[in-house]
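Order of appearance sets the numbers: ligands from 1, and atoms from 1 within every ligand.
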Amino acid sequence: MIKVITYGTFDLLHIGHIRLLERAKALGNYLIVGVTADDYDKSRGKINVQQTLIERIEAVRALGIADEIIVEEYEGQKIDDIKKYNIDIFAIGSDWKGKFDYLNEFCKVIYLERTKGISSSQIRDEKSKIKLGLVGDSSYLIKFAKECFFVNGVEIVGICTNNVNLYKNKLNIKYYTDDFEELLKQVDSVYIYSNPLERYRLVKRALENKKNVMCESPITLDSNETKELFSLAKKNKCLLQENIKTAYVTAYNRMLLLVKTGKIGNVVSLDATCTSLDRQEGSVNWNSIYRWGPTTLLPVLQILGTNYKSIDIITSNTNKLDFTKINFLYEHSVAAIKVSNKIKSEGEMIISGTEGYIYIPAPWWKTDYFEIRYEDSSQNKKYFYQLNGEGIRYQIAAFVHALQINQSFEYIENDISICISKIMNLFSTKNIKI
Ligand code: C2G
C-alpha cells in the first residue's frame with residue numbers, strides 16, 4: 001500500500017483544494033490530510049482564516065477523498081507524522097516548491113501544480129471588502145494603516161485629519177481635511193483615533209449614519225455616553241469595537257485563561273505599569289491616563305471585575321510631570337496601576353495569587369511571553385506565543401471577521417468599556433494631586 005500525506009488550511013474550500021486532494025490521492029492508495037489548527041496558522045502569519053478548525057475538517061471530510069484526517073498543530077510535525085504513519089509520499093501544491101525538500105530524507109516529496117486563478121484569500125476578499133476610513137491626527141495611524149495590509153478584506157479609503165502634514169509622503173490615501181461627514185459618505189466603517197474629547201461625537205455621528213466603528217479606548221470619557229453608544233450600535237445593527245491592542249494579543253489571552261482556571265489560586269493583587277517617553281506625534285496633548293489608562297485598566301477589570309469597593313486616583317498632571325497612579329480596593333483583592341508619558345519605569349505586570357504568581361516582563365502590553373512562578377521553583381512554567389504587529393493586525397482581523405460572519409466575539413466586554421469610561425471621568429473630577 002502506498003500512503004500519501006498532504007497538509008493545508010482548507011479555508012472556504014474551493015476547486016483548487018479539491019483538485020489538489022484528488023491528485024494527491026491518485027498518487028497512492030491511502031490519503032492522510034493534515035488540517036492546520038487555528039493557533040498554528042496564527043503562528044505562521046495566517047490571521048484571516050474564516051472557518052473554525054471543525055468547519056474546515058468537516059468540509060474536507062465531506063469530499064470523501066481523504067481516508068484519514070489529522071490536525072497539524074506545530075512546526076516540524078510533518079516529520080513526526082511521516083514517521084508515525086509510515087508515509088511514502090508527501091504531496092503539496094507548487095506554491096511551496098522547494099520549501100519541503102528537507103522531507104526527502106523521510107519520504108518522496110511531490111509538488112503538484114497549483115490550480116491557477118483561485119485562492120481562499122481571493123474568495124475572502126471578494127466576499128465583502130470593508131471600506132475603512134481613518135480619523136485622527138496621530139502618527140499612530142500610519143502604523144495602523146500599514147497593519148491593514150496584512151488583513152484580507154479591508155481597504156482604506158481615506159483619512160479625516162486636521163494635520164495633513166503629519167501623513168504627507170507616509171500615507172498614500174485620500175485626505176478629507178476636517179470633513180468627517182464627507183468621509184462617512186465614502187466608507188462603511190471607520191477607525192477613530194482622534195483626541196479622546198472628540199470621540200463621543202464622532203462615534204455617534206458614524207453610528208447614526210449606520211457605519212461600523214472601531215474606536216481607540218477610551219471610547220468616551222463618561223460611562224453614560226459609552227452606554228448610549230453601545231445601545232445606538234445595537235439599534236442600528238452596527239458593530240462598535242473598542243480597540244486596546246493588548247486585548248487581541250494571544251499571550252495576554254492565554255494568561256487570562258490560566259488565571260481563570262486557578263493556576264495561581266485566588267488572585268489577591270495585581271500591579272501593572274505602562275510608561276513611555278516617545279510621545280506620538282500629533283497626540284501630544286493627551287495625558288498619560290488617556291494614552292495608557294485603558295491598557296493598564298484592562299487586566300485589572302478583566303481579572304478582578306468591575307465591582308471594586310473603592311478607587312484612589314493620585315496624579316500629577318503638569319507640564320513637567322504627567323504621572324498617575326490608581327489604587328483599587330476589592331472585597332478580597334487589591335490592584336495598582338501606574339502610567340506616565342513623562343517618567344520611565346519598568347513596564348511589567350505581576351499578578352499575585354494564593355498559590356503562585358504570573359510575571360510578564362516589559363513591555364507586558366505587547367508580550368509574546370509570560371511566566372508562572374511558584375514557591376517551589378521547579379514547578380515554574382514559561383509560556384511563549386507568536387506575536388506579529390503588536391496585536392494591531394489581530395484587532396483589525398477580529399473586526400473584519402465579526403462583520404463577515406455578522407457576529408462578534410467580545411475581546412473587551414461592554415461592561416469593561418463602560419467602566420473604563422467611568423474611571424476616565426473620575427480622573428477628571430476626583431483625583432488627589434501630588
Ligand atoms: N492549492 C492549490 N491550488 C490553489 C489553492 C491551493 O493546489 N489554487 C493547494 C495548496 O498548494 C496546498 C493546498 O491546496 O497544497 C491547501 O492550501 P491552503 O489551504 O492554502 O494551505 P497552505 O497554507 O498551503 O498549507 O502546513 C500547512 C501546509 O504546509 C500548507
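- Ligand 1 has no atom lying under 4.0 Å from any heavy atom of R19.
- Although no hydrogens or angles enter the test, the distance criterion places no donor-acceptor pair under 3.5 Å between the side chain of D41 and the main chain of K46.
- Two residues are said to be in side-chain contact when any heavy atoms from C-beta on lie closer than 4.5 Å; V187 and I130 fail this criterion.
- When only interatomic distances are considered, the shortest N/O to N/O separation between W96 and ligand 1 falls below 3.5 Å.
- With hydrogens left out, the protein atom closest to atom 21 (O) of ligand 1 is T9 N, 3.1 Å, a heavy atom.
- In terms of protein heavy atoms, atom 5 (C) of ligand 1 is closest to R114 NH1, 3.3 Å.
- At a 4.0 Å cut-off, not a single heavy atom of K116 sits close enough to ligand 1 to count as contact.
- Atom 11 (O) of ligand 1 has D95 OD1, 2.6 Å as its closest protein atom, hydrogens excluded (heavy atom only).
- In this structure, the ring of Y191 has its center less than 6.0 angstrom from the ring center of F144.
- The shortest contact between atom 29 (O) of ligand 1 and any protein heavy atom is with K78 NZ, 3.4 Å.
- Atom CZ of F149 sits in a sparse spot, with 12 or fewer heavy atoms from other residues, nucleotides or ligands closer than 6.0 Å.
- Of the protein's non-hydrogen atoms, the one nearest atom 9 (C) of ligand 1 is L20 CG, 3.7 Å.
- A cation-pi geometry, defined here as NZ or CZ lying under 6.0 Å from the six-membered ring centre and within 45° of its normal, does not hold between R291 and W365.
- For the pair D88/C107, no side-chain contact is recorded, criterion being any heavy-atom separation below 4.5 Å from C-beta on.
- For atom 20 (O) of ligand 1, the nearest non-hydrogen atom of the protein is K46 NZ, 3.4 Å.
- The nearest protein atom to atom 19 (O) of ligand 1, hydrogens excluded, is given as F10 N, 2.8 Å; this is a heavy-atom distance.
- R23 places a side-chain N or O within 3.5 Å of a backbone atom of R19 that can act as its donor or acceptor partner.
- Among protein heavy atoms, the minimum distance from atom 12 (C) of ligand 1 is reached at G93 N, 4.1 Å.
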